[in-house]
Amino acid sequence: MLQWSVVRFRTAIVLTLTAGAVGLGLWLWRRAEIRSAPPWLVPMVLLASVAITWTVPLFSYLGGGALTAALTVLTVVGVAGAALLAAPTAARARAAYGIAVVGHVVTAAVATIGDPAPKIDVWVTLQQASDALARGENFYDLTWTDSPGIQDAFTYLPWTAVLLAPGRWLGGDVRWALAFWSVVLFAGIWALSRPRPGDAASTPCASAFRAAVPVTALVVAPGTLTQVDQAWTEPLLAAGIVWWAVLVRRGHAWWAVVPLALACASKQHLALLLPLLLLWRPFGARRAVATGALTGVLIAPWFLASPSDFVNDTVTLLLGFHPIRFANTWYLWFLNEHGVTLPFWVTGLVVLGALAAAAWAIHRRQPELGELLRWFAFVLLVANLVNKQAFYNQFWLSAALVAMSLAVPVLSGRATDDPEPATPQGDAARRATAS
């Protein structure tokens, strides 16, 4: 449904996304444990992703040989991953992980070279903001050249431009930097899967499996080629969050403030996560406040350079921006199907309700890290579902957070009663996904 959603609105897509949010919410509320997984599950997911990528309408400016090459690479990753992870050993799981990472880099290269100038305002603004940064200019005070959409605003927070600019400076295209940050994300998932003191006993096969499955699934997820081609920036945010999680797990919670603040200084909606971290004792209120303060310091140079331009581009414009009719959200369902514009207080109440439910659960339960990442995903997913501008990339971030949560080893205190699973798949699934 997400691959099909670019660029069209359908009620079925909204209902499917809503079902996903309800399912995630029930999983979190019940704290259900996944004790085992059938051997066919992972291969089925990967092969189905490949089939969907080929058969469902895929929006991309790639064509001809470049499109065929990109789809072929994704097919190789999916089929090889399915074969290696059907009966995993440590070596096979590591091989599947490596093939997925290399496959994503090759896919990104094919998309960047095969479509050197995608017709989307995201790519145009990121490219020209990078050039402005190199010249020492304030990109919140510029008008873009040949933008097919937004003409005179940089709607991201400034560190999106800062962290992606090297791709433009060194390789001529910000998408090279997005490929780099995607690899950083995958490396973070691998680091997150490594056992630490206090975790339940885990075999090398289970550890490698915990990393290989989410990474391979993300690389071949339906719509991935569109996300790469369009220069959507959510992999940058996911990279910051996963390395925050890695540092927290390794006992470096103060250092974890840095990648999280960089992510928060890149896109506005990550501010929704900070209230949850205020209540999660392993990170703590002081570090959550420090994250907010560091975020403020990181964006201060652009704000101080021109407060009115900064606020207009990053806040006022987005609040007043017209609804985009192919956003698959309930806001657009009411507008498209019934001509009703939901008032701001209605959508705000839904978001605050999801945030309050997550905050209450986190305060009461003090969940382990994997469950916390899924609460992050839930809050962002609900917020997207009532937004007037949520698209594939925003929903992808929620899915990526769930995927990375599956890499987190279960704590020894939450281990299941049967310490010797019958199969590697059962061992990996149990220790990776018990919550």
* Asked: Of W396, Y392, F391, which meets side chain to side chain contact (heavy atoms under 4.5 Å, CB included) against Q394?
  -> F391

* Asked: F186 versus T216: any side-chain heavy-atom pair under 4.5 Å?
  -> no

* To do: Could you pull out the closest heavy-atom pair between R210 and S193, with the gap in Å?
  => NH2-O, 2.6 Å

* How are the rings of Y97 and W190 set to each other: parallel, tilted or perpendicular (split at 30° and 60°)? -> tilted

* Check for a donor-acceptor pair, side chain of S49 on one end and backbone N or O of P222 on the other, with a separation under 3.5 Å. => no

* To do: Run the numbers on L270 and L237 for side chain to side chain contact (heavy atoms under 4.5 Å, CB included), then give the verdict.
  => CA-CA 9 Å; L270 291 193; L237 309 182; 4.1 Å; yes

* Asked: Does the Q127 side chain pair with the main chain of A165, one donor and one acceptor, at a distance under 3.5 Å?
  -> no

* **Between N393 and E234: side-chain donor-acceptor atoms closer than 3.5 Å** => yes

* Asked: Taking it one step at a time, do L277 and L260 satisfy side chain to side chain contact (heavy atoms under 4.5 Å, CB included)?
  -> CA-CA 11 Å; L277 290 173; L260 185 59; 3.3 Å; yes

* Compute whether any side-chain donor of one residue and acceptor of the other, for D173 and T112, lie under 3.5 angstrom apart. => no

* To do: Output yes when a side-chain donor or acceptor of R31 lies under 3.5 Å from a complementary backbone atom of W27, and no otherwise.
  => no

* Would you check, one step at a time, whether the test side chain to side chain contact (heavy atoms under 4.5 Å, CB included) holds for T314 with T155? => CA-CA 5 Å; T314 62; T155 56; over 6 Å; no

* Asked: What's the shortest heavy-atom distance between A327 and K388, and which atoms?
  -> CB-O, 3.9 Å

* To do: May I ask you to check whether N336 and R325 show a side-chain donor-acceptor distance below 3.5 Å?
  => yes

* To do: Ignoring hydrogens and angles, state whether a donor on the side chain of T226 or S60 is under 3.5 Å from an acceptor on the partner side chain.
  => no

* What about the rings of F9 and F326, do their centers lie closer together than 6.0 Å? -> no

* **Expected output: side-chain R168 to main-chain V174 donor-acceptor under 3.5 Å** => no

* Indicate whether any N or O donor in one side chain lies under 3.5 Å from an N or O acceptor in the other, for W330 and T18. => yes

* Going through the distances and angles, do V6 and Q230 end up as a side chain to side chain contact (heavy atoms under 4.5 Å, CB included)? -> CA-CA 11 Å; V6 188; Q230 301 289 284; 5.9 Å; no

* **Sidechain N-carboxylate O distance under 4.0 Å for R249, D199** => yes

* Structure fact -> Looking only at heavy atoms, the pair that brings G81 and L46 closest together is C-CD1, 3.6 Å

* Between F378 and F376, does the ring centre distance come in under 6.0 Å? -> no

* Asked: Does atom CZ of R286 have more than 12 heavy-atom neighbours from other groups under 6.0 Å away?
  -> no

* Going by atom types alone, do T75 and W54 pair a side-chain donor with an acceptor below 3.5 Å? -> yes

* Structure fact -> Taking every heavy atom of V73 against every heavy atom of T107, the minimum-distance pair comes out as CG1-OG1, 3.4 Å

* Asked: Are R365 and W29 in a cation-pi setup, meaning NZ or CZ lies under 6.0 angstrom from the ring centre and within 45 degrees of the ring axis?
  -> yes

